[in-house]
Amino acid sequence: MKSSISKKTYKAIYRLLNRVSPIDGDCGRLCGSICCTCDADDAGDKGFSMGIYLLPGEDRVFTRTEDWLEWSYTKVSEADFPDSWSGIAYFVRCKTPPLCPRETRPLQCRVFPLAPHITGSGELRMILFPAEGLPYRCPLAENEAPLSPAFVKATNTVWKRLIQDRHIYDLVKYDSDFRDEKSLVFLP
Ligand code: SF4
Ligand code: SF4
């Protein structure tokens, strides 16, 4: 599937997000880095089972020879993706969670626990990732902890740029349409 987001843009996005964190300090200490390690114990001798879908075009940032990542893909027609999507979606698993080269971790790892949401009136807003969509409990999301304003701002900036790509817009809208807005926690 074609992406209008270039490798250069993804790298600029990664650089922007390298400079921010959800809170001041390592939030992994609050939860044992559960968003990286959830299910790792059940993954058999490989020691991992959680994975991350890359956004369209995000694979361009990687060489696919990274020894800390295992690559696979899903045919989008066989999974839960927007109708406009075609071809494949890349899926990566990190082999040594919660350790990874921080500056090259995928985008979805960088923006959590925020998620982009397109409201009924068509506005892009950042929300706390709804708990029902998670197989683990994130203390930041559950407690509605105050997040770093720089992190919220950078994440908002990034998603504003990303949804200029039609397929990414469709994905964000697709996910948003399943949510009950009354139950969401919106960031300012
Ligand atoms: S984002 Fe949430 S679940 Fe992930 S490490 Fe931080 S506190 Fe834990
Ligand atoms: S790539 Fe890094 S940040 Fe993302 S889940 Fe794996 S260990 Fe965690």
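Remember, it's 1-based here, ligands and their atoms both numbered in the order they're listed. The analysis underlying the following values was restricted to heavy atoms, covering all of them including side chains, and did not include hydrogens, waters or symmetry mates.
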Discussion item. Students should be able to answer this: which protein heavy-atom is nearest to atom 4 (Fe) of ligand 2, and at what distance?
Written reply: C109 SG, 2.4 Å
Worksheet item: By number and element, which atoms of ligand 2 are closer than 4.0 Å to a non-hydrogen atom of W68?
Response: 1 (S)
Response to the item:
Under 4.0 Å from one or more heavy atoms of P106, ligand 2 contributes atoms 1 (S)
Item to complete: Assign the ring pair F129 / F112 to parallel, tilted or perpendicular, where the plane angle (0 to 90°) is split at 30° and 60°.
Response: tilted
Discussion item. If we ignore hydrogens and angles and just use 3.5 Å, is the side chain of E132 paired with the main-chain N or O of P130 as donor and acceptor?
Written reply: no
Discussion item. Closer than 2.8 Å to atom 8 (Fe) of ligand 1: does that hold for any N, O or S atom in C27?
Written reply: no
Worksheet item: C31 heavy atoms, cut-off 4.0 Å: which ligand 1 atoms fall inside?
Response: 3 (S), 5 (S), 7 (S), 8 (Fe)
Worksheet entry | Proximity flag P22 to ligand 1, non-hydrogen atoms under 4.0 Å | no
Worksheet item: Are more than 12 heavy atoms from other residues, nucleotides or ligands located less than 6.0 Å from atom CZ of R29?
Response: no
Worksheet item: After noting the C-alpha distance and the side-chain angles of I52 and F91, does the key distance pass the side-chain contact (heavy atoms from CB on, under 4.5 Å) rule?
Response: CA-CA 6 Å; I52 302 135; F91 188 76; 5.7 Å; no
Worksheet item: With atoms numbered from 1 as shown, which atoms in ligand 1 lie under 4.0 angstrom from a non-hydrogen atom of I34?
Response: 3 (S)
Worksheet entry | Sub-4.0 Å atoms of ligand 2 with respect to non-hydrogen atoms of P98 | 7 (S)
Worksheet item: Does a side chain donor of either N18 or R102 reach within less than 3.5 Å of an acceptor in the other side chain?
Response: no
Worksheet entry | Nearest non-hydrogen protein atom, atom 8 (Fe) of ligand 2 | C36 SG, 2.3 Å
Worksheet, complete the sentence: The closest protein heavy-atom partner of atom 1 (S) of ligand 1 is F112 CD2, 3.5 Å
Worksheet entry | Structural part of S33 in contact with ligand 2, heavy atom criterion under 4.0 angstrom | neither
Worksheet item: Looking at atom 2 (Fe) of ligand 1, is one of the N, O or S atoms of C138 less than 2.8 Å from it?
Response: yes
Item to complete: Fit a plane to each ring of F178 and Y174, take the angle between them on a 0 to 90° scale, and name the class: parallel (under 30°), tilted (30 to 60°) or perpendicular (over 60°).
Response: perpendicular
Item to complete: Kindly check if the number of other-residue, nucleotide or ligand heavy atoms within 6.0 Å of CG (D180) is above 12?
Response: yes
Discussion item. Given 3.5 Å as the limit, does a donor-acceptor pair link the side chain of E144 with the main chain of A141, or not?
Written reply: no
Worksheet item: To which protein heavy atom is atom 2 (Fe) of ligand 2 closest, and what is the distance rounded to 0.1 Å?
Response: C100 SG, 2.3 Å
Item to complete: For a ring-ring contact (aromatic ring centres under 6.0 Å, His included) with F62, tell me which candidate from Y10, W71, Y90 qualifies.
Response: W71
Worksheet item: Under the side chain to side chain donor-acceptor pair (under 3.5 Å) criterion, do E58 and Y53 qualify, and how do the steps go?
Response: CA-CA 10 Å; E58 192 182 0; Y53 276 110; over 6 Å; no
Fill in: Enumerated ligand 1 atoms positioned under 4.0 Å from heavy atoms of G28
5 (S)
Worksheet entry | Which of the ligand 1 atoms, numbered from 1, are nearer than 4.0 Å to a heavy atom of L140 | 7 (S)
Worksheet entry | Proximity to ligand 2 by part of C94, non-hydrogen separation under 4.0 Å | side chain
